[in-house]
Amino acid sequence: MNYFSSDFKLGILGGGQLGKMLLFDTRKFDIQTYVLDPSDQAPCKIACDQFFKGDLMDFETVYNFGKKVDVLTFEIELVNLDALVKLEKEGLKVYPSPKTLKLIQNKGIQKDFYIKHTIPTANYKRFDDLKSLVVSILDSKTKLPFVWKCTEFGYDGNGVKVIRHISDLDNLANVECIAEEMVPFKNELAVIVCRNPSGEIKTYPVVEMEFHPEANQVEYVICPARINDKVAEKARAIALNVSEKFNHVGLLAVEMFQTEDDEILVNEVAPRPHNSGHYSIEASYTSQFENHLRAILDLPLGNTDSKVAGIMVNLVGSAGFSGDVIYENIEKILGWNGVTPHIYGKKQTRPFRKMGHVTIVNEDINEARRIAEEVKNTIRVISGQ
Ligand code: ADP
């Protein structure tokens with residue numbers, strides 16, 4: 001198929017920042033794109049060829065959108081699965097496949113998949129609702145502490161809570177959930193795998209998520225991770241295995257824990273470009289977005305190696321500010337070597353809303369880390385009032 005400067009249309013479900021960054025590459029290749037998103041102010045709106053406003057969870061809306069395009073992909077997992085299944089049955093290429101998405105959308109089903117395929121993961125139990133979890137604790141069948149996770153619709157840690165006392169369950173939604181063993185990890189790692197329908201498969205280097213010591217928020221994504229080669233090799237091999245077992249097409253971000261004794265446990269996966277791969281736009285030979293595009297169009301995959309060390313700092317709305325956004329001190333950080341801000345295009349900031357990120361590249365990873373900290377301490381996402 002001729003994708004380039006042609007009538008071919010790539011459909012993207014979701015018009016957020018991941019879609020917007022993917023559109024840089026569709027523009028680079030002159031590939032036409034249609035985007036569906038519920039918000040009139042979606043970041044993708046300015047860069048796609050045609051924008052459609054609509055509910056991503058609505059069967060008819062997703063199905064009708066799918067009928068307009070030649071290949072369909074998504075940048076968010078919360079989309080109507082039945083519509084994707086029907087579109088695929090009718091011959092549309094949907095990548096990643098709805099079968100994979102079904103295994104991933106529910107954390108309980110995802111964990112069962114790891115067990116079935118002997119992929120190392122933390123022990124867990126599944127519960128239909130909070131009440132049955134409480135009964136299991138009272139019967140001493142589930143031991144405290146553990147990590148509670150709702151199986152669906154959680155994101156960025158909002159469906160996850162450490163339970164040390166039974167009273168920690170108060171105020172949690174009475175929904176399907178899992179209780180997972182607490183992992184005493186020394187590092188959180190991630191590996192992005194890309195795979196095309198022909199089976200060509202590549203991994204990006206292992207990255208490390210460095211957390212704020214108190215806020216428990218990812219502060220820096222660091223590539224390459226500061227771990228020894230043996231652990232890195234193990235992490236990449238496990239990620240490759242996970243992608244193959246899912247028979248995945250497109251990008252798969254595999255989040256993992258490195259335990260105190262250097263075991264690797266898979267935490268969860270995301271079937272799309274991922275926050276942990278944003279550094280690749282500046283630091284890699286081929287960005288994760290370009291490789292996602294290459295993979296879903298069954299083109300040869302690009303080189304996933306890094307040219308330099310890369311560190312990413314998320315730009316989230318500062319606490320106490322809501323309204324028209326201002327990026328305080330952005331000019332200052334633009335004056336520093338190897339510093340590139342990405343502004344997603346959300347006009348309104350709210351506390352902790354993901355508004356952008358900054359990539360820092362440098363030949364020397366320690367120097368990159370030093371500059372990243374200065375960036376973090378300098379730029380602030382605030383509002384006008
Ligand atoms: P989300 O899908 O919202 O990102 P995760 O499952 O990745 O949720 O969990 C969010 C964070 O909670 C993880 O990045 C990690 O810091 C912590 N966490 C998750 N599971 C465990 C666990 N079993 N043991 C210890 N910490 C965990």
Side-chain angles (χ1 to χ4, degrees), residues 14 16-18 74-79 100-101 103-115 119-127 133 137 142-165 168-169 172-173 175-192 206-222 225 227 235 238-239 242 251-278 312 314 316 352-354 357:
Q17 61 263 20
L18 299 175
F74 47 85
E75 57 110 51
I76 177 167
E77 287 109 293
L78 295 177
V79 294
T100 315
L101 187 58
L103 292 168
I104 289 171
Q105 265 185 346
N106 178 300
K107 280 190 182 177
I109 297 176
Q110 196 185 131
K111 292 284 287 189
D112 288 353
F113 182 86
Y114 300 143
I115 299 301
I119 290 159
T121 193
N123 291 327
Y124 66 101
K125 282 194 190 123
R126 288 179 70 175
F127 296 95
L133 169 58
I137 299 169
T142 298
K143 302 252 176 309
L144 298 161
F146 62 83
V147 183
W148 170 89
K149 297 184 180 185
C150 66
T151 52
E152 286 182 5
F153 309 120
Y155 65 94
D156 289 345
N158 75 351
V160 174
K161 191 174 177 194
V162 175
I163 308 296
R164 296 183 194 280
H165 308 284
D168 293 337
L169 293 169
L172 289 181
V175 291
E176 192 191 322
C177 58
I178 59 173
E180 192 175 276
E181 241 173 51
M182 288 263 293
V183 178
F185 58 83
K186 60 178 175 196
N187 263 319
E188 289 199 51
L189 307 174
V191 173
I192 292 177
V206 186
V207 302
E208 165 193 350
M209 266 88 79
E210 192 180 316
F211 279 71
H212 187 280
E214 284 124 46
N216 197 32
Q217 247 194 352
V218 178
E219 278 205 300
Y220 307 104
V221 171
I222 301 174
I227 53 176
I238 288 174
V242 173
L251 290 191
L252 189 73
V254 184
E255 294 182 37
M256 294 173 275
F257 299 121
Q258 178 189 5
T259 66
E260 294 294 346
D261 36 14
D262 285 347
E263 230 192 307
I264 298 289
L265 299 175
V266 172
N267 176 26
E268 61 170 0
V269 298
R272 50 169 171 75
H274 193 247
N275 195 255
S276 66
H278 290 352
M312 187 213 61
N314 279 318
V316 298
F352 310 112
R353 188 176 191 198
K354 270 190 196 164
H357 71 262

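Remember, it's 1-based here, ligands and their atoms both numbered in the order they're listed.
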Subject >> For M209 against V218, the heavy-atom pair lying closest together >> reply: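 In this case the closest contact between M209 and V218 is CG-CG1, 3.7 Å.
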Original post:
Which heavy atom of P271 sits nearest a heavy atom of L252, and at what distance?
Top reply: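 Shortest heavy-atom contact: CA-CD1, 3.9 Å.
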For [X], counting its heavy atoms only, list the atoms of ligand 1 lying under 4.0 Å from any of them.
X    : value
V147 : 21 (C), 22 (C), 23 (N), 24 (N)
F185 : 16 (O), 25 (C), 26 (N)
V183 : 22 (C), 23 (N), 24 (N), 25 (C)
E255 : 7 (O)
N267 : 5 (P), 6 (O), 7 (O)
E180 : 20 (N), 21 (C), 22 (C), 23 (N)

Original post:
Just checking, any donor-acceptor pair under 3.5 angstrom between side chains of K186 and T259?
Top reply: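 There is no such pair between these side chains.
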Subject >> Side-chain donor-acceptor pair present, H357, Q17, cut-off under 3.5 Å >> reply: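 No pair is found: no donor N or O on one side chain lies under 3.5 Å from an acceptor on the other.
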**OP:** State which residues pass side chain to side chain donor-acceptor pair (under 3.5 Å) with N267; sequence neighbours excluded, sorted by chain then number.
**Re:**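 With sequence neighbours excluded, N267 shows a side chain to side chain donor-acceptor pair (under 3.5 Å) to K149, given in chain and number order.
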**OP:** Kindly write out the residues that satisfy side chain to side chain donor-acceptor pair (under 3.5 Å) with Y114, not counting sequence neighbours, or none if the list is empty.
**Re:**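 Expected list: Q110.
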**OP:** Before accepting this row, confirm whether a basic side-chain N of the pair K143/E181 lies closer than 4.0 Å to the acidic partner's carboxylate O.
**Re:**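 So K143 does not pair with E181 through a salt bridge.
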Subject >> R126 bridged to E176 by N-O distance under 4.0 Å >> reply: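 Salt bridge: yes.
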**OP:** Return the option from M182, E77, E188 holding the heavy atom at the smallest distance from atom 13 (C) of ligand 1.
**Re:**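 Heavy atom nearest to atom 13 (C) of ligand 1 belongs to E188.
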Original post:
Which is closest to atom 4 (O) of ligand 1 by heavy-atom distance: E268, K161, K149?
Top reply: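 Closest candidate by heavy-atom distance is E268.
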**OP:** State if M209 counts as touching ligand 1 under the rule of any non-hydrogen atom under 4.0 Å.
**Re:**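 Contact absent.
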Original post:
Mind checking whether F257 has a heavy atom under 4.0 Å from ligand 1?
Top reply: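 The answer is yes, since F257 has a heavy atom less than 4.0 Å from ligand 1.
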Subject >> Close N or O approach (G159, ligand 1; < 3.5 Å) >> reply: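 N/O-N/O distance below 3.5 Å does not exist for this pair.
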